[in-house]
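Accompanying notes for the structure given below.
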Amino acid sequence: MLETKVCIIGAGPGGATAALQLAQLGIECVVVDKAVFPRDKVCGDGLSGKVITALENIDPGIARRLQQYTEKLDSWGVTFVSPGRESMEVAYKPHYNKLVDEPAGFVCKRIHFDNFLVDELKRRPDMIRLFEGIAIDKYELQDDGYLVSDAGGAFTVKAQLLIVANGAHSSFTKEVANIRMEPAYYAAGVRAYYKNVKGTHADNFIELHFLKPLLPGYLWIFPLPNGEANVGMDMISEAVRSKKVNLKKLLTETLQNDPVFKERFRDAEITSSIEGYGLPLGSKKRTLSGPRYMLVGDAAYLVDPFTGEGIGNALYAGRIAAQQASAALEANDFSASFLAAYDDGVYRVLGPELQLSHRLQKLVKYPWLFNLLMKMGTRNKQLKELISCMFYEVDLRKKLAQPSFYIKLLFNK
Ligand SMILES: Cc1cc2nc3c(=O)[nH]c(=O)nc-3n(C[C@H](O)[C@H](O)[C@H](O)COP(=O)(O)OP(=O)(O)OC[C@H]3O[C@@H](n4cnc5c(N)ncnc54)[C@H](O)[C@@H]3O)c2cc1C
C-alpha cells in the first residue's frame, strides 16, 4: 500500500495542474490515471489565455515551455457566425501585432497538450509519483484518510486528502459528492479531425457557427498545425434528448449539405472517427468538496456554459485545490467545513464568469437577438472592439448580459 499526503485521481489538465502547484508548494503527492499517456480526449482543443496565465502563476518556466511547444497553433481571434449567417471577426486583442504581441489563444490537440502537462509531472519525480494505466474504482473514507484502490484491490493508496479530477464521467462526483447530471445544465459534444478545410482565417481565428438547430450550442472549426482542423458541434443535452438528435449524423450531414460548409469541405478529408463526450456545465453552484476531498475540473462541473471552455477552468480549480490542500495539511483539518473554503475560492474566481456565461447562453437561444447583435457588430467598430476587449475584461462581458446594453446599441447605431 502506498501512503501519501495527497492523492490526485486523474492526470488531465485539472489533476496535473493540482500536482504541479502542490510540487511548487513543497507538498508530495501521488497521481493516478487510468490511461497511459499520450492519450486522446474528445475536445475542441481550444486553449484560452487562461491556460498560460494559470501555468505562469505556478511556474513561469512551464508557461515558457508551453509558449515554445511546437505542436500548438497560435490563434489571434474568433469569428462568430450568427444563425442568419452574419459573421463577425473579433481579435482577442484589438490592433494586435503578431511580431510583438504574445498570442492570447492556441489550438492544440489534447493528445499533445495533456502529454505536455504529464511530461511536466515527470520533471518533478522528487515530489510527484505518477501511476498510469490504473483506474481507481473504490473509495473508502476512514478516520485518518481515504483508502482508494483499483477494482481488484491490487493497487491501493492511503491519502490524508483526495483531489478528484477524473473528468466528466466521474463516479466519485455522482456517488460520493452526490452531484447528478441534469440535462438542462449539461451539453453533449462531438468532434472529428479534418485536413484541407477551405476558407480558414489567415491568423488562425477559431470559428463558432451558431446554427439555428444547435442554439445555444454551435458548430466549431478550430485550425490546427499542418493544415488540420478540429471540427465539431455541441448542444444542450435536454435538447438532444427532446429532439432525439444524433449529433454525429447531424455533423456529417451539415458538412455535406449546408451550402457554405459543402463548399468549404469539398476537398476536405476526415482523418479520425467522429467521437462524442459530455460537457458538465457550471451553470449553477454546486458543493465541490466534502470530508477529505475536493473536486476539480469536469468532475466539479466547471465548463463555461457559453463558450464550452473547460480546460482553463480546470487549471484554475486545480491550483486553488492545491492551495487549499496546503492549508488543510498545515491546520491538520480535513473536515468538510474547512475544505468549504475551496468552494468559496473557486466560485470567487470563476463564479461571476460562469453566471454571466449562463445568462449569455440563455440570450443566444433567441436567433433574432443574435442576428441583430451580429449585424450591428459588423457595422459598428466600437461594438467590435468592445467584444474584443471582452476576452480580456470580464467586467466588459457583464455589459453583454444586461438588457440596457442592447437598448443603448439600438439607439446609438
Ligand atoms: C466535444 C467537446 C469539446 C470541448 N472543447 C473544448 C475547448 O475547445 N476548449 C476547452 O477549454 N474545453 C473544451 N471542452 C471541455 C474540456 O475538454 C474539459 O473541460 C477538460 O478536459 C477538463 O479537464 P479535466 O482535467 O477536468 O478532465 P479530463 O480532461 O477529462 O481528464 C480526466 C482524467 O481522468 C482520468 N480518469 C478517468 N476516470 C479515472 C479513474 N477511475 N481512475 C483514474 N483516472 C481516471 C482520465 O483518463 C483523464 O486523463 C470540450 C469538451 C467536449 C466534450
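When a ligand or atom number is given, it counts from 1 through the structure's own listing order.
For the pair Asp298 and ligand 1, the shortest N or O to N or O distance falls below 3.5 Å.
Residue contact annotation: Lys41 has a non-hydrogen atom under 4.0 Å from ligand 1. Note on ligand 1: Gly232 sits outside its first shell, no heavy atom being nearer than 4.0 Å. Residue contacts with ligand 1 leave out Asn313, since none of its heavy atoms falls under 4.0 Å from the ligand. For the pair Gly278 and ligand 1, a heavy-atom separation below 4.0 Å is found. Using a 4.0 angstrom heavy-atom cutoff, Asp33 counts as in contact with ligand 1.
For atom 38 (N) of ligand 1, the closest non-hydrogen atom of the protein is Asn166 CB, 3.5 Å. Closest to atom 31 (O) of ligand 1 among all protein heavy atoms lies Gly12 CA, 3.6 Å. The protein non-hydrogen atom at the shortest distance from atom 10 (C) of ligand 1 is Gly310 N, 3.3 Å.
Residues satisfying the side chain to side chain donor-acceptor pair (under 3.5 Å) test with Arg124, not counting sequence neighbours, are Gln24, Asp126. For Gln67, the side chain to side chain donor-acceptor pair (under 3.5 Å) test picks out no residue, with sequence neighbours left out.
Taking the charged nitrogens against the carboxylate oxygens, Glu353 and Lys50 do have a contact shorter than 4.0 Å, which makes a salt bridge.
Within 6.0 Å of NZ in Lys262 there are 12 or fewer heavy atoms belonging to other residues, nucleotides or ligands.
In His169, neither the side chain nor the backbone holds a heavy atom less than 4.0 Å from any atom of ligand 1. Neither the backbone nor the side chain of Ser48 comes within contact range of ligand 1; no heavy atom lies under 4.0 Å.
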